[in-house]
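Working notes, beginning with the structure itself.
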Amino acid sequence: MTLNRIAAFAALAMTAALCAPAQAQETLKIGWAISKTGPFAAGAAVTTLPNYQVWVKDVNDAGGINVGGKKMKIEVIEYDDRSNSEDMIKAVERLATQDKVDFILPPWSTGMNLAAAPIFNKLGYPQLAVTANTNRAPEMVKRWPNLTFWLGLPSEIVDGVVETFSKMEKEGKIGKKIAMIAVADQFGIEQSTAARAGLKKAGFELVYDKTYPFGSQDMQPVLKDAQAANPDVLLAFSYPPDTFAITDTAKVINFNPKAMFLGVGTAFPGYKGKFGASTEGVMGIGGSDANLKGIKWYIEHHKTVIGREPDRWASPITYASLQVLQQAIERVGKDREAVIKEINTGSFETIIGTVKLKDNQNTNIWTVGQWQGNDFFGIAPTNKPGAKAPIPKPEWK
Amino acid sequence: MALTFDIVLSGLVLGGMYALIAMGLTLQYGIARIMNLSYGESLIASAFAALFLYTGMAVNPILGLLVIVPLSFAANWLLYQIVLSPLVKRARNQGMLEVDSILGTFGVLFVIQGLMLVAFGGSLQSYSYLSVPVHILTTTLAANRILALLFALVIGGGIYLMLTRTRFGTALRAVAVNPVAAQLSGIDIRAASALAFAGGGAIAAAGGVLISMFLTFSAASGVVFTMKALIVVIMGGVGNMLGALVAGLLLGVSETAVARLVDPGLTIAVTYALFLSVLLWRPTGLFGRPAR
């Protein structure tokens, strides 16, 4: 696997090198500042950077972006922000003022994108903040019309969770007892607070409700107590390392509730890679309609270019957002103001289906997904076309 | 009763991991007198090596130890001879060496991290090995974590015996206590320090391979391990293997007890409370020499 990846990167580097002389004519300069080192590098390397690379390759393989009848290849300028927001802001400024790039792709994570919003706005660049997930999105887009959000709101994820469990409860697949654990940082606390209220309102009973420190990978104590409370559902607002540790430990101590929702990381290809058939029935944030032609093509294509599958939450949406950017440029040209307007008002055909932003926010989203067979299917919103019915979690394999 | 047994056993297993990652650092810091900030990175590098051997070449991590540990010993020996021994030579006192070695190894940290990023990328890595339940009376534990505890006990006990019962161990302790006097009694301190540093690196490598079986890691996660190891080393007494073992186990059991009996959110608080009280009560650590 790793060797394949190294080979893929080498191939990418080589194509970039081979393309260089051809780009001497006229190119579209696209820049980005992203975390290649530091604590954010792991997230950026799963969701964001590979999609930028795949998209650039796709565009250049097809001869470039059609700008006013001229095919322009993409020339990339990349900076490492070292997971530091000040470095990121400096790099974005440099891209705009010194490198004079035509467009800037956003950094990774909610915090970085929020930090970047004022500078993108000041410089007049569209900001397709795909990996930002904040309840403040509706008010922020009023202040910064060049800013767009793509993952929905965190509160919608909680709504999706409550909706899914209520549906399963009505169908008699699960009972009313829920054990909830959350990482003790902003993400975990906000989500668990919202879930606590939502679940109570829907008539569920919280039999275990605790937080654990950020960075903890020792889940045995928490899970043993959660198991002792004998819940129908385990609900965890966790980060990737803890998501992996929860699954691993739950398997070892044979804690197998009828439904299991875990946080960030459940949709990662590495999750399926590590746990294989044991992932069956595990739910998490995101999902995709794996029967969609575009998604099928995208997963295979990502695998060919990068050497591994994409994650099933923000990855397809990242690629779709780049398709939106490309189509907007092809429709109105390089004028950034016009591109911003087109992104906000136009309708676009992408791998995730039709994308039409409402109040600068993408509404074509899945809030809850579930591993069923080899794919992580969207199951909520339950009334969205393509939604699969949730299944109870089988025994660990 | 069953709960107490469960807490103690799970706590020991967690503590075994802490001890395992700390024992290499205590050798490097206590005997070779190098405060190695790149310690966590060399641990993660071995975790990557284990991952590569397992997923790329189907070599299981236990066999991988046979390759990775000697390689790491050699690499750390070279690192000491080439990068660190000039610092040792020019240092006029312990304080100066500490500052220089912190700065020097801070640079090494970025070199190792950069190499891992180039080779493996920045994403989180994880694989499954020996993640099978082992039932001990009323409790259930993962086999790979128990294995890490056993290694910690064997390495800790073995090196403790080596340091206290052999001639070579006595020489190492002499270097730790007073390098100048040790030299006067005919001990080659450069050779002894290089071996202690390399030995510490080899233990870090063993730790990295073992924890890679159950922890998720990335090229950037080294610093977490350096911090945890440093706490255990200082709690146990710098340079004291038995101290590192006891401090690690103590931390593990207290964290698990607090998580089960009080609140899992308090495990980090209990770590630092314990650390602070040990420092107040015994400033040189549980098994440390009294300060002169």
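Quick caveat, the model's predicted, so the values are computed rather than measured. A, B, ... follow the sequence lines: proteins, then strands. Residue 1 opens every chain.
Both the backbone and the side chain of B:S128 have a heavy atom closer than 4.5 Å to some heavy atom of chain A. Neither the backbone nor the side chain of A:F40 has a heavy atom closer than 4.5 Å to any heavy atom of chain B. Residue contact with chain A, scored on non-hydrogen atoms closer than 4.5 Å, involves the backbone and the side chain of B:S131 alike. Using a 4.5 Å cut-off between heavy atoms, B:L117 contacts chain A through its side chain alone, with no backbone atom that close.
Across B:V258, B:T256, B:T267, a single residue satisfies side chain to side chain contact (heavy atoms under 4.5 Å, CB included) together with A:P221, and that is B:T256.
At a threshold of 4.0 Å, the pair B:R145-A:D248 does not count as salt-bridged, since none of the basic side-chain nitrogens sits closer than that to a carboxylate oxygen.
If you tally non-hydrogen atom pairs under 4.5 Å between each of A:T249, A:D225, A:I253 and chain B, the highest count goes to A:D225. Your options are B:A220, B:P264, B:P133, and the one with the most heavy-atom pairs under 4.5 Å with chain A is B:P264. In terms of non-hydrogen atom pairs under 4.5 Å with chain A, the most contact-rich of B:G11, B:A143, B:G265, B:A259 is B:G265.
The closest side-chain donor-acceptor pair between B:S126 and A:K274 falls under 3.5 angstrom. When only modelled atom types and interatomic distance are considered, B:T139 and A:K224 share a side-chain donor-acceptor pair under 3.5 Å.
Formation of a donor-acceptor pair under 3.5 Å by the B:E255 side chain with backbone atoms of A:D218 is not found in this model. Side-chain atoms of A:Q220 do not come within 3.5 Å of backbone N or O of B:S10 as any donor-acceptor pair.
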